[in-house]
Amino acid sequence: MQILNHLIQILSMRVAVVGATGMVGEVMLNVLAERNFPVTELIPVASEKSVGKEIVFKDKKYKVVNLQTAVEMKPDVALFSAGGETSLEWAPKFAEAGVTVVDNSSAWRMDPTKKLIVPEINANELTANDKIIANPNCSTIQLVMALAPLHKAYKIKRVVVSTYQSITGTGVKAVEQLENEYKGVQGEMAYKYQIHRNAIPHCDSFLDNGYTKEEMKLTNETMKIMGDDTIKVTATAVRIPVVGGHSEAVNIEFENDFDVNKVRALLQETPGVMVQDNLDTFTYPMPLYAQNKNEVFVGRIRRDESQANTLNMWIVADNLRKGAATNTIQIAEYLLDNKLIG
């Protein structure tokens, strides 16, 4: 009877995608379809101006509804990508209705009562009582995917990370700005400066300590996901005119020494990580090849010769995929597989 009930639950999986008409929401729909997540009813949710529009999912049409209607429909899970303010207001309302929320904004990430999850690293922390689950920052996800196996093997002391981030992390307006500048057309500016043929060392807003919110997310979220506040992280986040994904130059100091070949092997064995590191064939990760892929790509793996027990590497991932939509859906898959939703 228990198995039968579980099969019935799987056969009636109702999924709300909040922010379905946005850039990440559209990718979520694609990933849900690609991974054959058992969606029996899709509830696309967006702002009032989009209510009534039709979304096509697996050759079936669904009408966009507003947030209140979606709460009343009581889906099994709600995948949020609609911004922090929307999440702060509406995620608790879904949770109170018994809906499990996986939120892609920064609203709940550092809340000590909420889990911050990268499934390959810490999904086992989740329980049926976790009704609001935070999806980490896109740059943090790809960083910790590479750090986690190395921390277990060699214990990380300090990480210095410099990011080279895709304009897709800002949204549609940034993509339009780059396209307009490329064509020499005046248009709406997503950034204070031109992004075409430029690099802007400014992702998110500046804080009193001189860092940006994006840089501090890398610091604080890494420690929370890894479950170790002794790991020291310092970051510089830069926006560059690419669309394929985010890149990171990472310098890692360990307590224990390592063998570079063993590091490569360890990363290659890590689920969700793909090593691209062959200098003879000029093989290394690039956003051009990471676009529309779910893996985290790691290369340029080499010893830092300036000090002991220190490693350099280069990490690339599609920020709309593993950095957002794919990780969110992997969380939902874990919840379903372990009978924590439905």
Side-chain angles (χ1 to χ4, degrees), residues 14-29 31-32 42-51 55 64-119 122-123 125-127 129-141 168-173 203-205 212-214 216-218 220-221 224-225 319-332 334-335 340-341:
R14 307 172 76 223
V15 179
V17 176
V18 180
T21 59
M23 187 173 282
V24 174
E26 290 179 0
V27 178
M28 280 186 182
L29 295 174
V31 176
L32 283 168
L42 178 72
I43 304 171
V45 188
S47 61
E48 292 292 341
K49 67 180 181 181
S50 295
V51 170
I55 294 285
V64 173
V65 301
N66 63 22
L67 283 153
Q68 184 58 48
T69 300
V71 171
E72 292 168 0
M73 293 175 75
K74 294 187 177 180
D76 296 286
V77 63
L79 310 177
F80 267 62
S81 188
E85 290 185 10
T86 298
S87 181
L88 284 172
E89 179 180 357
W90 285 95
K93 295 178 181 180
F94 277 85
E96 286 166 11
V99 181
T100 300
V101 173
V102 185
D103 180 50
N104 197 49
S105 79
S106 61
W108 305 100
R109 291 174 186 160
M110 297 313 298
D111 185 325
T113 68
K114 304 295 185 291
K115 308 284 176 58
L116 184 64
I117 300 297
V118 176
N122 62 344
E125 296 178 7
L126 293 171
T127 71
N129 294 324
D130 293 308
K131 288 301 181 184
I132 300 176
I133 301 162
N135 196 60
N137 177 50
C138 47
S139 299
T140 306
I141 290 174
T168 56
T170 304
V172 173
K173 288 183 180 179
C203 297
D204 212 324
S205 55
T212 63
K213 285 184 178 179
E214 183 79 7
M216 293 312 300
K217 288 172 190 175
L218 281 158
N220 297 325
E221 292 179 24
K224 183 172 180 178
I225 295 164
N319 53 294
L320 299 182
R321 287 267 177 162
K322 182 55 178 172
T326 303
N327 198 77
T328 299
I329 291 160
Q330 284 178 307
I331 293 171
Y334 181 90
L335 294 170
L340 303 179
I341 57 172

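Position 1 is the first residue of the sequence, and the numbers go up from there. Just so it is clear, the values below take in all heavy atoms, side chains as well, and ignore hydrogens, waters and symmetry mates.
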Nearest heavy-atom neighbours spanning [X] and [Y]:
X	Y	result
Ile55	Ala20	CD1-O, 4.5 Å
Val27	Ala325	CG1-CB, 3.7 Å
Ile225	Thr140	CD1-CG2, 3.8 Å
Val24	Ala324	CG1-CB, 3.9 Å
Pro75	Ala70	CD-O, 3.3 Å
Ile132	Ala95	CG1-CB, 4.0 Å

List the residues meeting side chain to side chain contact (heavy atoms under 4.5 Å, CB included) with [X], not counting sequence neighbours, and say none if there are none.
X	value
Thr328	Met28, Leu79, Val102, Asn104, Asn135
Ser106	Arg109, Lys217
Asn220	Met110, Met216, Met223

Any [X] side-chain heavy atom under 4.5 Å of [Y] side chain:
X	Y	value
Glu89	Glu85	no
Thr21	Pro44	no
Val65	Val51	no
Ile341	Val99	no
Ile141	Asn137	no
Val45	Val64	no

Roughly how far, to the nearest 0.5 Å, is the [atom2] atom of [Y] from the [atom1] atom of [X]?
X	Y	atom1	atom2	result
Ile329	Leu335	CD1	CG	12.5 Å
Thr113	Trp108	OG1	CH2	7.5 Å
Ile331	Ile117	CD1	CD1	6.5 Å
Glu72	Lys93	CD	NZ	11.0 Å
Thr100	Asp130	OG1	CG	8.5 Å

(message) Just checking Lys131: does its NZ atom have more than 12 heavy atoms from other residues, nucleotides or ligands closer to it than 6.0 angstrom?
(response)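 Above 12, so yes.
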
(message) Could you check whether Arg14 pairs with Asp76 (Lys NZ or Arg NE/NH1/NH2 to Asp/Glu carboxylate O, under 4.0 Å)?
(response)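 Looking at Asp76 together with Arg14, the answer is no, because their closest N to O distance does not fall below 4.0 Å.
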
Pair [X]-[Y], side-chain donor/acceptor within less than 3.5 Å:
X	Y	result
Gln330	Lys322	yes
Glu48	Asn66	yes
Thr168	Asn319	yes
Ser87	Asp103	yes

(request) For Ile43 and Val17, run side-chain contact (heavy atoms from CB on, under 4.5 Å): C-alpha distance rounded to whole Å, both residues' side-chain angles, the deciding distance at 0.1 Å, then the answer. (result) CA-CA 6 Å; Ile43 304 171; Val17 176; over 6 Å; no

(message) Going by the rule salt bridge (charged side-chain N to carboxylate O under 4.0 Å, His left out), which residues pair with Lys74 if we only count those two or more places apart in sequence or in a different chain?
(response)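 Here no residue qualifies.
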
(message) Suppose we screen for salt bridge (charged side-chain N to carboxylate O under 4.0 Å, His left out). Which residues come up paired with Lys224, at least two apart in sequence or across chains?
(response)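 Expected list: none.
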
(request) Any ring-ring contact (aromatic ring centres under 6.0 Å, His included) involving residues 67-99? Give me the pairs, sequence neighbours left out, ordered by first then second residue. (result)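 The answer is Phe80-Phe94.
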
(message) Could you check whether any side-chain N or O of Thr212 sits under 3.5 Å from a backbone N or O of Cys203, counting only pairs where one atom can act as donor and the other as acceptor?
(response)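 At least one qualifying donor-acceptor pair exists.
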
(message) Using only atom types and a distance under 3.5 Å, with no angle test, would you say the side chain of Asp111 pairs donor to acceptor with the backbone of Ala107?
(response)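 Between the backbone of Ala107 and the side chain of Asp111 there is no qualifying donor-acceptor contact (under 3.5 Å).
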
